[in-house]
Amino acid sequence: MSTTDEQRAPAPPPPPRSGGSSPVGSGPQRVSTGAYGSRGTSSSSDRPRLVERPPEPVAPAPVRLAGPRRVRLSVARIAPWSVMKLGFLLAVAFGIMSVVATAIVWQVLDSMAVFDRINTLLLEIGNQQLLGLMEFAKFDRVMSMSTIVSVANVVLLTALATLGAFLYNIVAALVGGIHLTLTDD
């Protein structure tokens, strides 16, 4: 029984070379055509023959312009929940920083004897009502007041940051938001 060209399966691709895929334009490659030639006729020898393959298409390399690449973006919407979380954490950090700074400033003023000098000045003036003000300059009262102010700032800054995000979203819907130009260095 003889086989015709329609019944014959196409020849399998040649095995890859040890270096991987062949580079573009590497020249002719050996392809086996079997017992029959490319036209279905018997060839005089059964050895493989050289067949020229067209070079594989290569995507063009991207053109790199001189200088950094620039992209123009716009901030269209800000998530209020993320602004509230970030505002809260930053307000807490600012509150801790202000309480610590108050303690440091009070210690420096006390080591320089500023409070004692103010107390002696008030005694020289002879006003007993002003001497009661020095009770508020004690360390525990100053730290209590600083902590109360810091807690109030945490609440206010968190609320104002969230309100600002809502207002930005409303305004950005009307005018398109803030436009940014980013560069790739």
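Just so it is clear, the values below take in all heavy atoms, side chains as well, and ignore hydrogens, waters and symmetry mates.
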Same cluster or not: are Met112 and Phe115 linked, directly or through other Ile, Leu, Val, Met, Phe, Trp or Tyr residues, by side-chain heavy atoms under 4.5 angstrom apart?
-> yes
Got a sec, which residues hit side chain to side chain contact (heavy atoms under 4.5 Å, CB included) with Val92, two or more places apart in sequence or on another chain?
-> Phe88, Ile96, Val154
In short, Ala172 meets Ala76 closest at the heavy-atom pair CB-O, 3.3 Å
Is it true that Val108 and Ile118 fall in one hydrophobic cluster, defined by side-chain heavy atoms closer than 4.5 Å?
-> yes
Side chain to side chain contact (heavy atoms under 4.5 Å, CB included) partners for Val105, two or more places apart = Leu109
What pairs of residues pass the side-chain hydrogen bond (donor to acceptor under 3.5 Å, both in side chains) test when at least one of them lies in residues 152-180, not counting sequence neighbours?
-> none
Return the set of residues passing side-chain hydrogen bond (donor to acceptor under 3.5 Å, both in side chains) with Thr120 (not counting sequence neighbours), or none when no residue passes.
-> none
Please name all residues satisfying salt bridge (charged side-chain N to carboxylate O under 4.0 Å, His left out) with Lys138, sequence neighbours left out, ordered by chain then number.
-> Glu135
Non-neighbouring partners of Leu121 that pass side chain to side chain contact (heavy atoms under 4.5 Å, CB included), sequence neighbours left out | Glu124, Ile125
Side chain to side chain contact (heavy atoms under 4.5 Å, CB included) partners of Ile170, counting only residues at least two apart | none
Given the rule that I, L, V, M, F, W and Y join up when any side-chain heavy atoms are under 4.5 Å apart, are Leu157 and Val83 in one cluster?
-> no
Can Val99 and Met143 be said to form a side-chain contact (heavy atoms from CB on, under 4.5 Å), step by step?
-> CA-CA 7 Å; Val99 168; Met143 293 308 295; 3.4 Å; yes
Determine the minimum heavy-atom distance between Arg77 and Ala79, stating which atoms define it.
-> NH1-CA, 3.8 Å
Measuring from Ser74:OG to Leu180:CG, what's the distance to the nearest 0.5 Å?
-> 8.0 Å
Under 4.5 Å between side-chain heavy atoms, chaining through other members, with only Ile, Leu, Val, Met, Phe, Trp and Tyr counted: pull out the rest of the cluster around Leu86, sorted by chain and number.
-> Leu90
Applying ring-ring contact (aromatic ring centres under 6.0 Å, His included) to Phe139 and not counting sequence neighbours gives Trp106
Hydrophobic cluster of Leu167, others only, ordered by chain and residue number, side-chain cut-off 4.5 Å = Leu163
Distance-only, no hydrogens or angles: does the Thr102 side chain make a donor-acceptor pair with backbone N or O of Ser98 under 3.5 Å?
-> yes
Connected to Val151, directly or through other members, by ILVMFWY side-chain contacts below 4.5 Å are none
Under a single-linkage rule joining Ile, Leu, Val, Met, Phe, Trp and Tyr whose side-chain heavy atoms are separated by less than 4.5 Å, which residues share a cluster with Val171?
-> Leu174, Val175
Less than 4.5 Å apart, any side-chain heavy atom of Thr181 and any of Val71?
-> no
Mark yes when over 12 heavy atoms from residues, nucleotides or ligands other than Met145 sit less than 6.0 Å from its CE; otherwise mark no.
-> no
